[in-house]
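Here, residue 1 is the first one in the sequence, and each next residue gets the next number. Reckoned from all heavy atoms, side chains included, excluding hydrogens, waters and symmetry mates.
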Amino acid sequence: MRFVDILLSTFFILEGIIISDLQVNEQIRDREVRVISADGDQLGIMSAKEAYQLAQDEGLDLVKVAPAANPPVVKIIDYGKYRYEQSRKEKEARKKQHTVELKEIRLSPNIDVNDLNTKINAAKKFLTKGDKVKITLRFRGREMTHVSNSKHILTDFADSLEEMAVVEKEPKMEGRSMTMVIGPKR
């Protein structure tokens, strides 16, 4: 085994992430291992040396795939191909993950009906993507004296989205702004 192969068998870097790999060929030091052939057939329990010899005869590598099992499970496979398939599986799993983001929509107490409808349409877009929406009603200057009269703006906003959203956090004053969080219905 070349020095480069030894380094690659210990770890390799995939898009900046170091992925630890399993024990390969001579690195397997267990007395007994359960061997699985390249076809997926179980060859039984044997010593690691015998299993390694079988792998060499077929021109493949011996890879420990289940080190926690008793006895550990090894498989006779092409290690480079196996590593490539594992990295593809991890890449696919990352692709399918969706993180829920919190989008913010800012309103003012004297917002017009058409402007409010535009903001509602923007919130609908965020909700259909699966994101949560934080609606902030900001008060500036003398608008602070009419806080109690402006709460209806947030409740009207939530009522217009009730078929596709649920209120997760009721309207609440936080400093000079009133906030409410809505999320998509499940």
Side-chain angles (χ1 to χ4, degrees), residues 1-105 122-136 158 161-170 172 179-186:
M1 192 180 233
R2 294 186 333 231
F3 179 71
V4 174
D5 291 340
I6 293 171
L7 282 178
L8 287 175
S9 66
T10 338
F11 69 91
F12 70 99
I13 299 175
L14 172 67
E15 297 177 9
I17 302 168
I18 296 176
I19 300 172
S20 296
D21 273 345
L22 304 169
Q23 294 178 354
V24 183
N25 297 335
E26 297 98 6
Q27 296 174 348
I28 301 171
R29 302 238 184 256
D30 298 302
R31 280 190 189 150
E32 289 186 336
V33 291
R34 183 176 306 275
V35 183
I36 299 174
S37 71
D39 304 329
D41 302 330
Q42 285 201 21
L43 301 178
I45 297 173
M46 59 181 77
S47 71
K49 287 182 181 180
E50 290 175 28
Y52 178 56
Q53 189 61 44
L54 281 174
Q56 278 187 328
D57 292 344
E58 293 183 31
L60 298 172
D61 298 308
L62 187 67
V63 181
K64 190 189 283 190
V65 291
N70 190 13
V73 179
V74 295
K75 194 169 184 181
I76 299 173
I77 49 176
D78 182 10
Y79 183 62
K81 186 176 179 182
Y82 175 74
R83 201 171 59 191
Y84 173 74
E85 288 171 0
Q86 291 298 104
S87 67
R88 295 292 298 170
K89 284 180 186 175
E90 288 176 13
K91 204 173 190 181
E92 286 296 319
R94 279 195 303 269
K95 221 182 261 188
K96 291 178 182 174
Q97 286 180 349
H98 175 72
T99 55
V100 176
E101 292 184 27
L102 182 66
K103 304 287 187 173
E104 184 176 11
I105 293 179
K124 282 181 183 177
K125 246 192 270 184
F126 295 144
L127 290 168
T128 54
K129 289 181 182 176
D131 296 328
K132 293 181 180 182
V133 181
K134 177 181 179 182
I135 300 103
T136 305
L161 294 170
E162 70 182 342
E163 71 275 352
M164 66 184 317
V166 62
V167 177
E168 293 184 358
K169 184 179 167 192
E170 293 294 327
K172 180 182 171 188
T179 60
M180 174 177 72
V181 177
I182 57 175
K185 275 189 178 174
R186 304 239 183 269

Presence of salt bridge, Glu85 and Arg88, under 4.0 angstrom: no

Minimal non-hydrogen separation, Ala123 against Leu161, with atom names: CB-CD1, 3.8 Å

Interatomic distance, Lys134 atom NZ to Met180 atom CE [nearest 0.5 angstrom]: 12.0 Å

Crowding at NZ, Lys185 (>12 non-hydrogen neighbours, <6.0 Å): yes

Distance (rounded to the nearest 0.5 Å) between Ile77 CD1 and Asp61 CG: 8.0 Å

Nearest heavy atoms of Lys125 and Thr128, plus distance in Å: O-OG1, 2.8 Å

Where Tyr52 and Leu62 come nearest, the two heavy atoms and their spacing: N-CD2, 3.5 Å

Minimum-distance pair of heavy atoms, taken over all atoms of Lys169 and Thr179: NZ-OG1, 4.0 Å

Straight-line distance of Ile76 CD1 to Gln56 CD, nearest 0.5 Å: 11.0 Å

By side chain to side chain contact (heavy atoms under 4.5 Å, CB included) - contacts of Pro71 (at least two apart): Arg34, Ile45

Heavy-atom check, side chain of Met46 versus side chain of Leu54, under 4.5 Å: yes

Glu92 side chain reached by Lys95 side chain, heavy atoms, under 4.5 Å: yes

Nearest heavy-atom neighbours spanning Val33 and Ala48: CG2-CA, 4.1 Å

Spacing of Glu32 atom CD and Ser47 atom OG [to the nearest 0.5 Å]: 8.5 Å

Atom pair NZ/CG of Lys75 and Leu60 - distance to nearest 0.5 Å: 11.5 Å

CG on Asp131 to CD1 on Ile182, rounded to 0.5 Å: 11.5 Å

Considering all heavy atoms, the nearest Ile28-Val63 contact: CD1-C, 4.3 Å

